[in-house]
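Quick notes on the structure that follows.
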Number of protein chains: 2
Amino acid sequence: MRKISATIKDVAKYTGLSIATISKYINGGNVLDKNRKKIEEAIKVLDFRVNELARGLKTNRTMTVGVLIPSLKNIFFTSIISNVENILLKHGYSTIVCDYRESSNLEKEKLNFLVNKMVDGIIVVPHGGDVSHIQDVRDKNIPIVFIDRMIKEIDCDVVLSDNLNAAYEAVEQLIIRGHRRIGIIAGPKDVYTTKERVKGYIRVHEDHDVNVDESLIKYGDYDIKSGYNILQKFIEMDSPPTSIFVTNYEMTLGAIMAINENDIKIPDQMSLVGFDNIQMAKVVKPSLSIVVQPIEQIGETAANILLKRLKNDYEGFPSTNRLKTEIMIKDSVGTIRS
Amino acid sequence: MRKISATIKDVAKYTGLSIATISKYINGGNVLDKNRKKIEEAIKVLDFRVNELARGLKTNRTMTVGVLIPSLKNIFFTSIISNVENILLKHGYSTIVCDYRESSNLEKEKLNFLVNKMVDGIIVVPHGGDVSHIQDVRDKNIPIVFIDRMIKEIDCDVVLSDNLNAAYEAVEQLIIRGHRRIGIIAGPKDVYTTKERVKGYIRVHEDHDVNVDESLIKYGDYDIKSGYNILQKFIEMDSPPTSIFVTNYEMTLGAIMAINENDIKIPDQMSLVGFDNIQMAKVVKPSLSIVVQPIEQIGETAANILLKRLKNDYEGFPSTNRLKTEIMIKDSVGTIRS
DNA sequence: TTAAAGGAGCTAAACGTTTCGCGTTAGGAG
DNA sequence: CTCCTAACGCGAAACGTTTAGCTCCTTTAA
């Protein structure tokens with residue numbers, strides 16, 4: 001059986017002091033120097049560690065934060081978590097990570113699970129659609145920070161990319177280079193990021209007096225397959241677009257697969273701007289132009305806001321942190337001579 | 001402040017029963033039907049949830065499992081975790097995920113952190129090198145399952161790919177196609193997987209009576225940069241290899257970058273076999289031949305073994321689970337006419 | 001010399017469960 | 001009608017902490 005470790009009681013016995021004094025020492029209180037030495041010795045000798053359960057029971061805090069993302073196989077999200085986890089850990093918090101595999105039901109279930117685990121706070125990439133279960137959590141006064149997507153219905157701190165401008169700038173680069181028929185492979189129609197990116201796409205057309213052809217706006221699922229299928233459809237159009245803007249990483253992969261299979265020459269036959277993952281951009285040939293989200297910064301910001309809320313500092317609540325993206329134009333974008 | 005939720009006491013009061021009876025009900029004991037109904041009603045009305053801290057304090061279990069991997073940005077590991085997490089959750093366990101960013105010190109620190117968090121079990125991709133801190137955890141009788149890498153010094157359940165045969169088969173495909181100078185981009189010299197893969201590389205040479213040129217075995221860091229650098233070095237050799245076998249995903253990326261930059265024609269000038277990530281394999285052009293590890297299965301196996309050990313079933317301990325890999329030969333491998 | 005002030009330590013209650021051992025009850029058998 | 005046997009319910013202790021409020025002692029200033 002598991003060896004039971006020393007308790008505060010053992011330390012008290014060893015040192016001849018009372019439990020209260022040991023507790024005081026542990027929590028940074030003042031004790032006499034000779035006692036401090038004795039306690040430290042005892043802790044070392046007995047290999048004493050605070051029982052976080054007992055502590056949590058008293059303090060009503062688990063020093064645990066739940067992180068809920070759509071998929072652990074999505075490097076965009078796991079990279080964010082990597083930062084979140086490291087920052088939280090520095091403040092003594094551990095991170096329970098769950099993914100909900102893009103299922104709204106699972107999201108609900110896992111959120112509930114996290115609440116049962118009595119996490120002190122939650123960082124979540126909300127799925128959208130029905131959000132009542134998130135509201136339920138808010139009602140329990142558990143701090144929540146949204147990442148990547150906003151839920152208008154719920155007052156909450158949120159950290160995300162400036163998706164509108166990201167799309168704006170990406171498409172603008174194409175317009176500048178003479179493209180007039182620009183296809184966009186967007187995400188699911190009801191997801192926040194999709195709407196923002198499409199908004200940017202439309203606005204830049206308007207600002208440059210380019211007509212928006214609705215048939216060039218196609219909605220996918222943010223997965224590889226839909227990127228593939230939609231690109232295929234674009235190719236089969238009577239007058240296909242001269243360039244494509246793909247709005248997330250997985251669909252970018254799918255689009256490239258379709259391009260490769262159809263032996264389409266980039267950028268001569270078609271220009272391409274993708275999304276996320278610099279490494280990928282460098283690996284494909286010709287090198288891919290992409291929109292880059294500030295992944296590190298998103299994680300950092302989210303973690304810090306949550307830490308602030310955990311300290312009961314609700315200054316600026318609810319804050320919306322819209323972080324700037326970058327655009328990298330590489331060989332996959334060509335110029336149209338008109 | 002956080003709303004304080006109903007306790008077992010409140011349920012007792014509501015139902016007029018004693019605390020002990022409620023507890024009994026919660027834990028699946030028998031209660032009279034009318035009482036059961038009342039309790040269920042009370043739980044619903046009061047929104048009662050078991051306080052896991054209090055429970056854990058009594059039972060000495062946290063229903064929490066720690067997972068420690070080298071990097072959360074490595075999709076190979078996060079995919080495994082995705083499975084692990086889902087299986088464990090079905091059994092009521094939550095998963096605390098940490099990465100140690102390839103640093104042995106951080107590994108130690110985070111392992112310690114997990115122990116302090118009183119996890120019931122640990123799944124770890126060990127870094128290798130000094131392993132005394134892992135032994136310390138074992139000595140506390142906390143079940144540990146190793147993933148991906150074996151530590152000979154420690155008796156432990158381990159789940160990994162059959163790396164030796166993976167390399168054997170990959171290189172064999174090259175030999176069959178007439179290649180005689182096959183470069184291998186291996187991982188760090190002291191990592192278990194590296195050794196196994198190099199062993200396979202050497203053995204297949206011997207079995208086919210092909211001479212092993214030591215200068216064709218180069219050791220990297222399992223990161224993108226070293227894949228890039230080593231491929232560069234191969235190119236600059238007086239008589240460069242006709243084919244390259246890269247032994248993990250990140251280095252495969254790096255290698256392809258170098259190939260693209262040097263405008264090397266695949267497979268005419270050089271054949272390439274990479275590692276992991278089917279999606280990548282399909283996206284690059286020409287389509288990449290790769291070794292595929294049974295990612296799903298690794299996670300599943302590890303989770304199940306850990307669950308078994310958590311139930312104190314030590315049948316077959318320590319078990320070594322070596323799972324079969326697959327090889328996909330695509331366009332990046334060509335035949336040498338001799 | 002004495003009083004005030006402040007530091008350090010102590011006692012004891014409390015957090016929300018589980019669990020042991022005992023008391024109560026219902027219902028069937030005789 | 002009585003007795004016995006399960007089944008069910010209960011009281012109380014225990015898990016390892018934190019913390020409020022108290023006491024005691026030392027120090028300092030008048």
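Per chain, numbering begins at 1; letters A, B, ... match sequence-line order.
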>> Please report the distance, rounded to the nearest Å, between NZ in B:K58 and P in D:dA14.
In response: 9 Å
> If you pin A:K9 and A:T59 to their nearest nucleotides in DNA chain D, which one's is more 5'?
Replying inline: A:K9
>> How bent is the helix from C:dT1-D:dA30 to C:dG30-D:dC1, measuring the angle between the end axes built from five pairs each, rounded to 10°?
In response: 40°
> What closest approach, in Å, do B:I19 and B:A12 show between heavy atoms, and which atom pair accounts for it?
Replying inline: N-CB, 3.9 Å
> Going by the ring-ring contact (aromatic ring centres under 6.0 Å, His included) test, which pairs reach into residues 86-138 of chain B, not counting sequence neighbours?
Replying inline: B:Y100-B:H127
>> Quick check on contacts: within residues 20-37 of chain B, what sits under 4.0 Å from DNA chain D by heavy-atom distance?
In response: B:A20, B:T21, B:K24, B:N30, B:V31, B:L32, B:N35
> Looking at residues at least two apart in the chain, or sitting in another chain, which of them share a side-chain hydrogen bond (donor to acceptor under 3.5 Å, both in side chains) with A:Y192?
Replying inline: A:R322
> Can you check the A:L57 CG to D:dA14 P distance for me, whole Å?
Replying inline: 17 Å
> Under 4.0 angstrom, heavy atoms only, what part of the nucleic acid is B:L53 near: base, sugar-phosphate, or nothing?
Replying inline: nothing
>> Heavy-atom count check: over 12 atoms from other residues, nucleotides or ligands less than 6.0 Å from A:K13 NZ?
In response: no
> Residues in side-chain contact (heavy atoms from CB on, under 4.5 Å) with B:V50, at least two apart?
Replying inline: B:I26, B:F48, B:R55
> Nearest to the side chain of A:S18 - C:dT18, D:dG16, C:dC10?
Replying inline: C:dC10
> Picking from C:dT11, C:dT18, D:dG16, which would you name as closest to the side chain of B:I8?
Replying inline: C:dT18
> For A:D120 and A:N60, which heavy atoms make the closest approach, and how far apart are they?
Replying inline: OD1-O, 4.4 Å
>> Distance check needed: D:dT17 C1' versus A:D10 CG, whole Å only.
In response: 13 Å
> Should the pair B:R138-B:D136 be classified as a salt bridge under the 4.0 Å nitrogen-to-oxygen rule?
Replying inline: no
> Nearest-Å distance, CG (B:N60) to P (D:dA14)?
Replying inline: 16 Å
> So does B:T7 get a side-chain nitrogen or oxygen closer than 4.0 Å to the phosphate oxygens (OP1/OP2) of C:dG16?
Replying inline: no
> Between A:N116 (CG) and C:dG16 (P), how many Å, whole number?
Replying inline: 16 Å
>> Just to be sure I understand the rule, does B:R49 reach a base, reach only the sugar-phosphate, or reach nothing, if contact means heavy atoms closer than 4.0 Å?
In response: sugar-phosphate
> Could you state the NZ-C1' distance from B:K38 to D:dC8, rounded to the nearest angstrom?
Replying inline: 14 Å
> How many Å lie between CG on B:N51 and C1' on C:dA14, as a whole number?
Replying inline: 13 Å
> For A:S82, what residues pass the side-chain hydrogen bond (donor to acceptor under 3.5 Å, both in side chains) criterion, not counting sequence neighbours?
Replying inline: B:D99, B:R101
>> When you measure from the side chain of A:D10 to the backbone of A:T7, do you find a donor-acceptor pair of N or O atoms at a distance under 3.5 Å?
In response: yes
>> Rounding to an integer number of Å, can you tell me how far A:R55 CZ sits from D:dC15 P?
In response: 19 Å
